[in-house]
Amino acid sequence: MNKPLFHSLIASTAEAPDNSAQLRRSVRGFTPQPVADALLHDCLQEARRAPSGANLQPGYFWQVCGARREQLATRLQQAYRAGEQEAEDYGYFPNPLPMSMRKRQVAAAQALYGALGVERGDAAGRGAQFGRNFRFFDAPVALIITIDSGFGPGGYMDLGMAIYGFMLAAQSRGLATCAIGAMASYPGLIRDVLELPATQTVVCGMALGYEDVGAPVNQTLTARAELDAYFKRLD
C-alpha cells in the first residue's frame with residue numbers, strides 16, 4: 001500500500017487569485033478528465049503550509065485508487081442501503097443541535113435537493129443522492145483523511161485548516177472539491193478495506209476533479225451567516 005502524501009512542505013501561493021475563498025464551493029458533479037499526479041501533489045504541499053501548533057502537522061491524506069477504490073465504494077454503498085450503522089470515531093454535531101444551526105442544516109438540504117428537483121417527500125431520490133457520497137461523487141481523485149487517535153480538539157483544528165488549505169489550493173488551479181463528512185459514518189469498514197491501523201481516526205473523505213458545469217447538482221447555492229451572527233466587538 002502506498003504511503004500517504006503527508007510530509008512535503010514547499011509550495012508557492014503566488015498564483016492564487018485574491019478571491020479564491022469567495023469562489024470556493026462544494027462540487028458534486030465532475031467530468032471524467034483525470035487530475036495529474038503533479039497537480040494533486042502541489043495541492044497537498046500547499047495544504048501543509050496551514051498553521052499548526054508546535055508544527056505537529058497532524059493528519060494523513062490517503063488516495064484511494066483502482067480496484068481498492070471500487071471495493072470501498074461498493075461496500076460503503078451496501079452498508080448504507082442496508083441501513084447498517086457503526087459507532088463513529090468522533091462526534092461532529094452538537095447534541096442537542098441549536099435551532100439556529102438546525103435552520104442552516106435544513107436550508108442547505110433544501111438548496112441541494114432543490115437544485116436536483118428532488119421533492120421533500122421523495123425519500124428514494126434523497127437516498128440516491130446521499131448514496132453518491134460513498135462513490136466520492138465519481139470524482140477522478142478520491143481521498144480519505146484521517147488523524148492519529150491520540151489527538152484532541154487542537155489536532156482537529158490544525159487538520160481542518162490543512163483541509164481548507166487543500167481546497168483553496170485546488171480552487172486556485174482550476175479544480176473543484178467536496179469534503180465528504182458521510183465517510184465518518186463507517187470508520188471500521190474504511191479501516192478494514194484500506195488496511196489502516198486501528199489508531200487512525202477517519203475524519204472525512206474528499207472528492208477532487210474538474211467541475212461538470214452542466215450538472216444540475218452544481219447549481220446548489222448556500223448562504224453564510226451574517227457578520228453579526230458570529231463577530232462581536234467587546235470594548
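Please read these numbers as outputs of a predicted model, since none were measured by experiment.
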Visitor: Could you pull out all residues at least two apart from D37 that satisfy salt bridge (Lys or Arg N to Asp or Glu O under 4.0 Å)?
Guide: none
Visitor: Is there a side chain to side chain contact (heavy atoms under 4.5 Å, CB included) between C43 and L175? Walk through the geometry before answering.
Guide: CA-CA 10 Å; C43 292; L175 293 163; 4.3 Å; yes
Visitor: Taking transitive links into account, so neighbours of neighbours count too, which hydrophobic residues share a cluster with M157 at under 4.5 Å side-chain distance?
Guide: M161
Visitor: Is there a side-chain contact between D148 and T201 in this structure, where contact means two heavy atoms from C-beta onward sitting under 4.5 Å apart?
Guide: no
Visitor: Using only heavy-atom distances, determine whether the side chains of D158 and Q57 contain a donor-acceptor pair under 3.5 Å.
Guide: no
Visitor: Identify whether the distance between the nearest side-chain nitrogen and carboxylate oxygen of E195 and R68 falls below 4.0 Å.
Guide: yes
Visitor: Please round to the nearest 0.5 Å and tell me the distance separating atom CG of L72 and atom CD1 of I144.
Guide: 5.5 Å
Visitor: List in chain and number order the residues that pass salt bridge (Lys or Arg N to Asp or Glu O under 4.0 Å) with R104, two or more places apart in sequence or in another chain; answer none if no residue qualifies.
Guide: none
Visitor: Side-chain polar contacts of residues 85-93 - donor-acceptor pairs under 3.5 angstrom, sequence neighbours left out - could you list them?
Guide:
from : atom 1 : to   : atom 2 : distance (Å)
E86  : OE1    : G188 : N      : 2.7
E86  : OE2    : L189 : N      : 3.1
E88  : OE2    : S185 : OG     : 3.2
D89  : OD1    : R191 : NH2    : 3.4
D89  : OD2    : R191 : NH1    : 2.7
D89  : OD2    : V202 : N      : 3.0
Y90  : OH     : V203 : O      : 2.7

Visitor: Which side-chain N or O atoms in residues 223-233 pair as donor and acceptor under 3.5 Å with protein atoms at least two apart or in another chain?
Guide:
from : atom 1 : to   : atom 2 : distance (Å)
R224 : NH1    : T222 : OG1    : 3.2
K232 : NZ     : D228 : O      : 2.6
R233 : NE     : D235 : OD1    : 3.0

Visitor: So, taking the atom named CG in L194 and the one named CZ in R69, what distance separates them when rounded to the nearest 0.5 Å?
Guide: 12.0 Å
Visitor: Would you confirm whether D212, through its side chain, and G214, through its main-chain N or O, come within 3.5 Å as a donor-acceptor pair?
Guide: yes
Visitor: Spell out, as yes or no, whether a donor-acceptor pair under 3.5 Å connects the side chain of S172 to the backbone of A169.
Guide: yes
Visitor: Please collect all ring pair (Phe, Tyr, Trp, His ring centres under 6.0 Å) contacts where either partner lies in residues 97-117, sequence neighbours excluded, each pair once.
Guide: none
Visitor: Does anything in residues 189-221 form a ring pair (Phe, Tyr, Trp, His ring centres under 6.0 Å)? List the pairs, not counting sequence neighbours.
Guide: none
Visitor: Quick one: list whatever passes salt bridge (Lys or Arg N to Asp or Glu O under 4.0 Å) with R102, sequence neighbours left out.
Guide: none
Visitor: Which heavy atom of P58 sits nearest a heavy atom of S52, and at what distance?
Guide: CD-OG, 3.7 Å
Visitor: Show the nearest heavy-atom pair for residues Y164 and A21, with the distance to one decimal.
Guide: OH-CB, 3.6 Å
Visitor: With R25, which residues qualify under salt bridge (Lys or Arg N to Asp or Glu O under 4.0 Å), at least two apart?
Guide: E211
Visitor: Rounded to the nearest 0.5 Å, what's the gap from CE on M167 to CZ on R24? Could you check?
Guide: 4.5 Å
Visitor: Report the distance from atom CZ of R28 to atom CG of N218, rounding to the nearest 0.5 Å.
Guide: 8.5 Å
Visitor: Any chance CG of L221 has more than 12 other-residue heavy atoms, nucleotides or ligands included, within less than 6.0 Å?
Guide: no
Visitor: Among I145, T177, L143, find the residue that satisfies the side-chain contact (heavy atoms from CB on, under 4.5 Å) test when tested with I163.
Guide: I145
Visitor: Do M206 and C178 come within less than 4.5 Å of each other through their side chains, counting heavy atoms only?
Guide: no
Visitor: Could you give the distance from OH (Y60) to CG (L196), rounded to the nearest 0.5 Å?
Guide: 11.0 Å
Visitor: Side-chain contact, heavy-atom cut-off 4.5 Å: V213 with T31?
Guide: no
Visitor: Suppose we screen for side chain to side chain donor-acceptor pair (under 3.5 Å). Which residues come up paired with Q129, at least two apart in sequence or across chains?
Guide: none
Visitor: Which residue, L168, V35, L39, forms the side-chain contact (heavy atoms from CB on, under 4.5 Å) with R173?
Guide: L39
Visitor: Under 3.5 Å, which donor-acceptor pairs do the side chains of residues 133-142 form with other protein atoms, sequence neighbours left out?
Guide:
from : atom 1 : to   : atom 2 : distance (Å)
N133 : ND2    : F130 : O      : 2.7
R135 : NE     : D138 : OD1    : 3.1
R135 : NH1    : E70  : OE2    : 3.4
R135 : NH2    : E70  : OE1    : 3.4

Visitor: For the atom pair OH (Y186) and CD (E84), what is the distance rounded to the nearest 0.5 Å?
Guide: 6.5 Å
Visitor: I need the full list of salt bridge (Lys or Arg N to Asp or Glu O under 4.0 Å) pairs touching residues 118-134, with sequence neighbours left out, sorted by first then second residue.
Guide: none
